[in-house]
Structures are given as structure tokens and as C-alpha cells.
Student: 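After the C-alpha cells below, expect a handful of questions from me.
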Amino acid sequence: RRKNEIWKSFCFAEERTGTMSDAHITDFIKWMDMRGFHLAEGITFGTLPDGVYGALLDDKAPHKFPTGKRLFTVPVDALLDGLSEGAAGRTLCDRHHINARRNAWPALIVSLMAESAAGAASHWKPFMDVLPQPWEHNHATCESDRARDEDYAHTMPLLWSTTEQAMLKGTETEKLLGIAETRDSFTEIVWPHVKDSLDACLPEEDMEVVHKLQSGAEKESEAERIAHDFALSRYMHWGC
């Protein structure tokens, strides 16, 4: 029964993670307009009857868009990856010589971590705010955000406990998780470069948690393991 409940929540991830605060949505739409995004006439943002929020067709939209119709345009300088100009992630990658072209996926995840850590200083803050946030330390600012983020963690098998992940054995989903690959990319590619500047990867409140956990460590190696594991959990989250 428990296995069926987990699988059901995974299948309906898109439906369950659609709730977020109206203020975040409004700020995100303003941000897209300011950054020069363009949507074809008839495409707008709104809430469906079941509460899911997203892009939808309004009354102005043709019944069927013709083949080849440009539906939206995203400016290059609004894209976020390890090569984006003005991105905290690019600064971090450059400073620590993380090759964003050769290691595009780890660099993208590091970029998301860095933009999250930058907070209000991030050029992508409105975008970051509409993404599910790490929830286990209750950083969500309102009940709707907290519920959304907890639902998100339940619908992402990469964030499940090993016991819950074991329930997927023998399924196609198990093959797609890539848990070992994600952990290895962090430990081998990212951690050696960022372990001495975690404040650029983790928000201030996360750093406070790390320092609090480290205060009880008896050895330097144990303190580093605590920081490694905490940063890895954030890496896994933004990887999702």
C-alpha cells in the first residue's frame, strides 16, 4: 500500500507542486517582462480549476497554433547556467575552475546553489523564488510555500530515504534516478573546489545550521563530513 502511495505521489508531481504564493508569481511575471521574454498572443499565466498554476491559452488564442508558430522567446542573457554573464554561479565556477562546458550539468547545479545563496542580490531571484525550496529546515515563508515544498520532496525519488528508494527496485524509475552519478559528480567535481567557500553555495541560514552541527564534531574530518553531506543534500535538491 505504501509503495502505491509513493508511486501515485510521484506520478502526479506536476499537479501537486503547482501551488505557490501569489506574490512570487506576480514578481516572476514582472521579471520575465523586464528581461525581455515574449509570449505569443493567446498564451498567458493563470490558475486552472484544480489549483495548478502554469502557462495556458486564453480566449485570444487560436483553436490550434499553426506548425512553426513561435510560441515564446527567451533572451540569451536570461538563461541560467554555468556560463551566464552576471550569474553568481559563473563567478563561482570561474573562481574555482569548474569547467562549465565540460561539466555542464554539475556547473548548472552549482549555479542554482550560488543564486540561492546570493538571495536578493541574485539577478534570477524571482525565478529562484518560484522553484521549490529546500524544505527540511522550514525556510518557507508561508504555509502555501511550505506545503508545496514538502510535497515536492515527496514526489522526487532522488530526495527519498534509502528505505523509500528501495521500494522502486525492479522498476524503470530505479534506472533513471542516477543517485550514484549525482553523488559522484558532487564529491569528485564540485566539492574539492567549493569546500573552502561554502558561503557562496549555501544561504546564510544554511551556513548557521552547518556551523551548529559542526560545533559538536570532535575531529576536523568529522566537521568536513558534516559540511560535505549538508552541501550534497542541497546539490541533490537543485539537481532535481
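Side-chain atoms are counted along with the backbone in the values below, which use heavy atoms only and exclude waters and symmetry mates.
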Student: How far apart are the closest heavy atoms of L198 and A227, and which atoms are they?
Tutor: CD1-CB, 3.7 Å
Student: Listed by chain and number, what are the salt bridge (Lys or Arg N to Asp or Glu O under 4.0 Å) partners of D229, not counting sequence neighbours?
Tutor: R225
Student: So, for M128 and L112, which heavy atoms are closest and what is the spacing to 0.1 Å?
Tutor: CE-O, 3.3 Å
Student: I want to check something: taking the side chain as every heavy atom from C-beta on, are V210 and L202 in contact at a cut-off of under 4.5 Å?
Tutor: yes
Student: Any chance CZ of F65 has more than 12 other-residue heavy atoms, nucleotides or ligands included, within less than 6.0 Å?
Tutor: yes
Student: Given side-chain contact (heavy atoms from CB on, under 4.5 Å), test Y235 with S185 step by step and report yes or no.
Tutor: CA-CA 10 Å; Y235 185 82; S185 71; 2.9 Å; yes
Student: Please test F28 against M32 for side-chain contact (heavy atoms from CB on, under 4.5 Å), starting from the C-alpha separation and ending with a verdict.
Tutor: CA-CA 6 Å; F28 179 54; M32 286 194 294; 3.8 Å; yes
Student: Okay, side chain of E222, backbone of A217: is any donor-acceptor separation there less than 3.5 Å?
Tutor: no
Student: With rounding to the nearest 0.5 angstrom, report the CD to CG distance, E164 to L168.
Tutor: 9.0 Å
Student: Taking all non-hydrogen atoms of both residues into account, name the closest pair between D199 and A117 and its distance.
Tutor: O-CB, 4.0 Å
Student: Could you walk me through whether Q214 and H211 pass side-chain contact (heavy atoms from CB on, under 4.5 Å), step by step?
Tutor: CA-CA 5 Å; Q214 287 179 324; H211 291 151; 3.6 Å; yes
Student: Please tell me if the side chains of E224 and W191 come closer than 4.5 Å, counting only heavy atoms from C-beta onward.
Tutor: yes
Student: Quick one: closest heavy-atom pair of R70 and T73, and the distance?
Tutor: CD-OG1, 3.2 Å
Student: Determine whether F186 and I109 make a side-chain contact, defined as any pair of heavy atoms from C-beta on separated by less than 4.5 Å.
Tutor: no
Student: For the side chain of S122 and the backbone of G119, is there at least one donor-acceptor N/O pair under 3.5 Å apart?
Tutor: no
Student: Hey, does W238 have a side-chain heavy atom less than 4.5 Å from the side chain of S116?
Tutor: yes
Student: Which residues satisfy the salt bridge (Lys or Arg N to Asp or Glu O under 4.0 Å) test with E208, sequence neighbours excluded?
Tutor: none
Student: So if you build clusters from Ile, Leu, Val, Met, Phe, Trp, Tyr with side-chain heavy-atom gaps below 4.5 Å, do M34 and F37 land together?
Tutor: yes
Student: Are any of the side-chain heavy atoms of W124 and R35 separated by less than 4.5 Å?
Tutor: yes
Student: Do W31 side-chain atoms and H123 backbone N/O form a donor-acceptor pair below 3.5 Å?
Tutor: yes
Student: L79 vs V74, test: side-chain contact (heavy atoms from CB on, under 4.5 Å). Steps then yes/no.
Tutor: CA-CA 8 Å; L79 298 176; V74 180; 3.7 Å; yes
Student: What closest approach, in Å, do D129 and K125 show between heavy atoms, and which atom pair accounts for it?
Tutor: OD2-NZ, 2.7 Å
Student: Could you tell me the separation between the CD atom of E41 and the CG atom of L57, rounded to the nearest 0.5 Å?
Tutor: 12.0 Å
Student: Determine yes or no for a side-chain-to-main-chain donor-acceptor pair under 3.5 angstrom, with R183 supplying the side chain and L232 the backbone.
Tutor: no
Student: May I ask you to test the I43-F72 pair for a side-chain heavy-atom distance under 4.5 Å?
Tutor: no
Student: Between H228 and T187, is there a side-chain heavy-atom distance shorter than 4.5 Å?
Tutor: yes
Student: Mind listing the closest non-hydrogen atom pair of L80 and L108 along with its distance?
Tutor: O-CD1, 3.3 Å
